[in-house]
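Written below as structure tokens is the structure these notes are about.
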Amino acid sequence: MNRLKIAAGNWKMNKNFGEGLALTQALVAGSEDTGNLMILGTPYIHLQTVGGLISNSNHIKLAAQNCHQNLKGAYTGEISISMLQSVGVEYVILGHSERRQYFDEGNALLAEKVNTVLEGGLLPIFCCGEALPIREAGTHVEFVAKQLKESLFHLSAEDFSKIVIAYEPIWAIGTGVTASPAQAQEMHQAIRALLAEKYGNEIADATSILYGGSVKPANAKDLFSQPDVDGGLVGGASLKPDDFIAIYNSF
Ligand code: 13P
């Protein structure tokens, strides 16, 4: 399979400016281009400077953690897609469960944000994933399918081919409890089958589907060796250079 393998870091609301630059410098110095991508999802204030630090590293790309659905205007405290684009951001994380939970972002709003990111020429990393009660009820595959259908399935095939999907079961985020490789594979395979049904095998096979939720150096290899797991979206372990480099080298 020739789809992109990706280790994406989501720093969330961590690292002040100096700490973020030190982390970036350590990642640049400690990683080599293996043909796989490393993506750094930094806070907004870091983006421009981190972009400069990674500009000679072909394998490291820049991501924002959110953006506003409207193009500009009176939205105090928000950030627009053209602002992100103007400092060299290539990817935008959308629909993280923390944005859904704490900022009330639902599937319809996320569909708007996906459109805005694509129209701005950037690439969405679209997050999906179920909470524990849904998994315990056994309806996790249907739940995730609904998230994808309602936020992404209005896209043309051409636009859809720019999407990276991140499956992040909420019960595994920041908890130290990782989905087992078999649980991740089950969901990723189901997602790919859904994509094949909607967009055909070629696009489904080319779509990178990342797993997120307590990915660490100790479990990354087992997760990434699953046939439908194309990498990880990493929170806590992306804040430690040695750990994140080890995860990047786990394909
Ligand atoms: P942790 O790796 O800290 O569990 O966070 C996962 C995550 O939410 C990445 O977006």
Side-chain angles (χ1 to χ4, degrees), residues 4-47 49-66 89-93 96-98 125 127 129 164-185 187-188 208-226 228-251:
L4 267 182
K5 305 285 186 190
I6 302 173
N10 175 8
W11 296 5
K12 308 189 181 183
M13 196 173 73
N14 294 296
K15 300 288 181 192
N16 68 26
F17 189 66
E19 292 165 347
L21 302 196
L23 171 57
T24 306
Q25 280 159 340
L27 295 171
V28 167
S31 67
E32 280 172 26
D33 190 350
T34 58
N36 303 321
L37 274 193
M38 175 186 283
I39 298 179
L40 308 185
T42 82
Y44 298 133
I45 62 156
H46 299 67
L47 287 169
T49 311
V50 167
L53 292 175
I54 64 175
S55 60
N56 290 326
S57 305
N58 261 338
H59 62 297
I60 311 183
K61 307 283 183 194
L62 196 56
Q65 299 173 18
N66 182 30
V89 173
E90 289 185 56
Y91 290 86
V92 182
I93 299 170
H96 193 281
S97 59
E98 289 148 19
I125 299 175
C127 303
V164 173
I165 290 177
Y167 168 58
E168 299 205 308
I170 297 168
W171 46 272
I173 295 177
T175 57
V177 179
T178 316
S180 68
Q183 284 173 318
Q185 171 57 22
M187 181 63 83
H188 285 225
S208 297
I209 307 178
L210 314 183
Y211 166 79
S214 299
V215 175
K216 305 178 200 75
N219 58 30
K221 267 204 170 74
D222 279 350
L223 288 161
F224 296 175
S225 64
Q226 299 299 307
D228 288 295
V229 178
D230 307 307
L233 181 55
V234 185
S238 77
L239 302 173
K240 300 178 198 145
D242 292 350
D243 283 6
F244 195 50
I245 291 165
I247 290 169
Y248 174 70
N249 290 330
S250 292
F251 292 104

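Residue indices begin at 1 and follow the sequence shown.
Nearest approach of Ile93 to Cys127, heavy atoms of both residues: CG2-SG, 3.8 Å. The shortest non-hydrogen separation linking Gly212 to Pro169 is O-CD, 3.3 Å. Smallest separation of non-hydrogen atoms from Leu62 and Gly51: CD2-CA, 3.8 Å. The two atoms that bring Leu47 and Ala64 nearest to each other are CD1-CB, 4.2 Å, heavy atoms only. Of all non-hydrogen atoms in Ala184 and Leu223, the two that sit nearest each other are CB-CD2, 4.1 Å. Considering every non-hydrogen atom in both Thr178 and Ala172, the closest pair reads CA-CB, 4.3 Å.
In this structure, the side chains of Lys15 and Leu239 come closer than 4.5 Å at one or more pairs of heavy atoms. Between Val92 and Asn66, the closest side-chain pair of non-hydrogen atoms is not below 4.5 Å. No side-chain heavy atom of Ser238 sits less than 4.5 Å from a side-chain heavy atom of Asn10. In this structure, the side chains of Leu4 and Asp230 stay at 4.5 Å or more apart for every pair of heavy atoms. The shortest side-chain heavy-atom distance between Leu40 and Phe244 falls under the 4.5 Å cut-off. The side-chain heavy atoms of Pro181 and Phe224, taken from C-beta on, include no pair separated by under 4.5 Å.
Remark: of the listed residues Ile6, Ile125, Val229, Ile6 is the sole one forming a side-chain contact (heavy atoms from CB on, under 4.5 Å) with Ser208.
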Practice task
With side chain to side chain contact (heavy atoms under 4.5 Å, CB included) as the test, would you mind laying out the steps for Gln226 and His188 before giving the verdict?
Solution key: CA-CA 9 Å; Gln226 299 299 307; His188 285 225; over 6 Å; no
Practice task
Show the numbers, then the answer: is there a side chain to side chain contact (heavy atoms under 4.5 Å, CB included) between Lys61 and Tyr91?
Solution key: CA-CA 8 Å; Lys61 307 283 183 194; Tyr91 290 86; 4.0 Å; yes
Practice task
List the steps, then state whether side chain to side chain contact (heavy atoms under 4.5 Å, CB included) holds for Thr175 with Ser214.
Solution key: CA-CA 7 Å; Thr175 57; Ser214 299; 3.9 Å; yes
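Ring pair Phe17/His46 is tilted by interplanar angle, where 30° to 60° counts as tilted.
The backbone N or O of Asn219 sits nowhere less than 3.5 Å from a side-chain atom of Asp222 that would complete a donor-acceptor pair. The closest donor-acceptor contact from the side chain of Ser31 to the backbone of Ile245 lies at 3.5 Å or more, if one exists at all. For Gln185 (side chain) and Asp228 (main-chain N/O), a donor-acceptor pair under 3.5 Å exists by modelled atom type.
The CG atom of Leu37 lies 9.5 Å from the CG atom of Asn58; values are rounded to the nearest 0.5 Å. The CG atom of Leu210 sits 13.5 Å away from atom OH of Tyr167, with the distance rounded to the nearest 0.5 Å. Distance NZ/Lys216 to NZ/Lys240: 9.5 Å, rounded to 0.5 Å. Separation of atoms CH2 (Trp11) and CD (Glu19) is listed at 10.0 Å; rounding is to 0.5 Å. To the nearest 0.5 Å, the span separating CD1 on Ile60 from CD on Glu90 amounts to 12.0 Å. Note that OH of Tyr248 is 10.5 Å distant from CD1 of Ile39, once rounded to the nearest 0.5 Å.
Within 6.0 Å of CG on Asn16 lie more than 12 heavy atoms contributed by other residues, nucleotides or ligands.
Side chains of Gln65 and His96: a donor-acceptor N/O pair is absent below 3.5 angstrom, by distance only.
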